[in-house]
2 protein chains.
Amino acid sequence: MCGSHHHRSHREHCGRTRRASSFLEAWLLLLLKDDAAHGYELLDRLRQNLTGGLCPDPGTVYRNLRRMEEEGLVASTWELRDAGPPRRLYRLTEQGEELLQAWAAHVEECRAGLDRFLEVYHQMNRSADEE
Amino acid sequence: MCGSHHHRSHREHCGRTRRASSFLEAWLLLLLKDDAAHGYELLDRLRQNLTGGLCPDPGTVYRNLRRMEEEGLVASTWELRDAGPPRRLYRLTEQGEELLQAWAAHVEECRAGLDRFLEVYHQMNRSADEE
DNA sequence: TGCTGATAGGTGCATAGTACACTTAGGAGG
DNA sequence: CCTCCTAAGTGTACTATGCACCTATCAGCA
C-alpha cells in the first residue's frame, strides 16, 4: 500500500511523513494529470477546488512543486513568451502518476476515517437525545 | 464558524493552525465526550478508531491532553489506586464540548474536500478509458 | 520617461506539531 | 533482584507551513 519506492524512515503516508495533512501534493498531481500547467495557474485551480476557499500560500505551492520535481514526480520546462514573464511549465511524470494512484487510495482511507468520526459523533448525539 | 473564543492570528481551523491535520484533538474530544478516561486508555481507544491502525505516539497524545487542559477544553484529576501507578483522569469541559461541535463541522468540510478529490480522480480515469 | 498593477516565481525566517528515543515511577510475578 | 506491564511524561531533531519580502517581465497610462 502507498507506492513505496525509495523507502524513507518511520510512519509513511504515500512515501512521505507529514505531507499527508493538506493533501496539497495529491491535488497538484491530480491537477497536473488533467493538464500540464505552471505554478501560478495551479494556485488558481487550487483556490477553486480546495474547500472553503482555504488555500496554501504561493510560497508553499512553489516550494512543493520544486521538491516534487527533485523527486521525479513532475518535470518542468521554461516557457518563454512574448507577453509576460517566463513560466515554468510542469507536467506529470510516470512516477508522479503512480504516486497519484497511491494518494487516491490514501485519500479513501482518510475519508473512511472521517466518516467513522462523524458516525460516532452523530450516534452519540442521537443517544443523548433519547435520554 | 469554528468556535472562535480567544482569537489567534492567521488561518484557523477550529481555533488552531495546523492542529487540523491528524484530527487528534477532535478524536480526543469525541472519546472524552463518550466517557472520562486517562491518557493511556485514550491511546488504546485511538488505536482502535484511527484508520489503518496508524496512531500518534504516546508522547504526542499526552502532550496534546496537557495542552488541551491549559486551554480549558478538558479537565483532569489524579486518580490514586491500590493497584498500579496513579492516573490522570480527563473529562470534557463545556468549552471542550462546544469545540467538538465546531470540529464536527470542520470534519464534514474536509470530507467534502476528499470527496471532491476522489470525484475528480475517478472521472478522469473514466474519460481516459473512453478514449 | 516614470509609475502602477498584473503576472510569475521565488527566498528567509519564525513557528507549530510530530516522531523517536528516553526517563520516571508503581506494582505484579517469578 | 530482575523483568514486565501500566502510566505519564520530557528532550531533541526535523518537517511543513505561514507571513513577509524580493525579483523580473510586460502592459497601460500620465
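Scope of the values below: all heavy atoms of this structure, side chains included, with no hydrogens, waters or symmetry mates. Residue numbers start from 1 in every chain, and the chains themselves are labelled A, B, ... in the order their sequence lines are given, proteins ahead of strands. Quantities reported herein were computed from a predicted structural model and do not represent experimental measurements.
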Side chain of [X] (C-beta onward), nearest among [options]:
X       : options               : answer
A:Tyr62 : D:dG18, C:dG9, D:dA7  : C:dG9
A:Asn64 : C:dA8, D:dT17, D:dA8  : D:dT17
B:Asp57 : D:dA7, C:dA21, D:dG9  : C:dA21
A:Pro86 : D:dA7, D:dT25, C:dA8  : D:dT25
B:Arg87 : D:dA8, C:dG9, C:dA25  : D:dA8
B:Ala83 : C:dA28, D:dT6, D:dA24 : C:dA28
B:Arg66 : D:dG9, D:dA24, C:dG26 : D:dG9
A:Trp78 : D:dA24, C:dG9, C:dT18 : C:dG9

Next on the checklist: Taking atom types as they are modelled, would you say the side chain of B:Arg63 forms a donor-acceptor pair with the base of D:dG11 within the 3.5 Å cutoff?
Outcome noted: yes
Checklist entry - Do the rings of B:Phe23 and B:His106 sit parallel, tilted or perpendicular, given the 30° and 60° boundaries? => result tilted
Between [atom2] of [N] and [atom1] of [X], the distance in whole Å:
X       : N      : atom1 : atom2 : value
B:Glu70 : C:dA16 : CD    : P     : 13 Å
B:Asp44 : D:dA7  : CG    : P     : 9 Å
A:Asp82 : D:dA27 : CG    : P     : 9 Å
A:Leu80 : D:dT25 : CG    : C1'   : 11 Å
A:Leu24 : D:dG18 : CG    : C1'   : 13 Å
A:Glu41 : C:dA6  : CD    : C1'   : 16 Å
B:Arg67 : D:dG9  : CZ    : C1'   : 16 Å
A:Leu42 : C:dT7  : CG    : C1'   : 15 Å

Checklist entry - Side-chain N or O of B:Thr60 less than 4.0 angstrom from OP1 or OP2 on C:dT18? => result no
Item to check | Short side-chain N/O contact to C:dG9 OP1/OP2 from A:Tyr40, under 4.0 Å | outcome: no
Next on the checklist: Output the pairing pattern of DNA chain C as a dot-bracket string, 5' first, Watson-Crick or G-U wobble with both distances under 3.5 Å, | for cross-strand pairs, [ ] for crossing pairs.
Outcome noted: ||||||||||||||||||||||||||||||
Checklist entry - Considering all heavy atoms of both residues, which atom of B:Tyr90 and which atom of B:Leu32 are nearest to each other, and what is their separation? => result O-CD2, 3.6 Å
Item to check | SB check A:Arg67 A:Glu71 (cutoff 4.0 Å) | outcome: yes
Checklist entry - In terms of side-chain geometry, is the basic nitrogen of A:Glu41 or A:Arg45 positioned less than 4.0 Å from the acidic oxygen of its partner? => result yes
Is it the case that the side chain of [X] and the backbone of [Y] share a donor-acceptor pair, with hydrogens and angles ignored and the cut-off at 3.5 Å?
X        : Y        : result
B:Thr93  : B:Ala75  : no
A:His122 : A:Leu118 : yes
A:Glu69  : A:Ser76  : yes
A:Arg81  : A:Ala83  : yes

Checklist entry - A:Arg81 or B:Pro58: which one's nearest nucleotide on DNA chain D is closer to the 5' end? => result B:Pro58
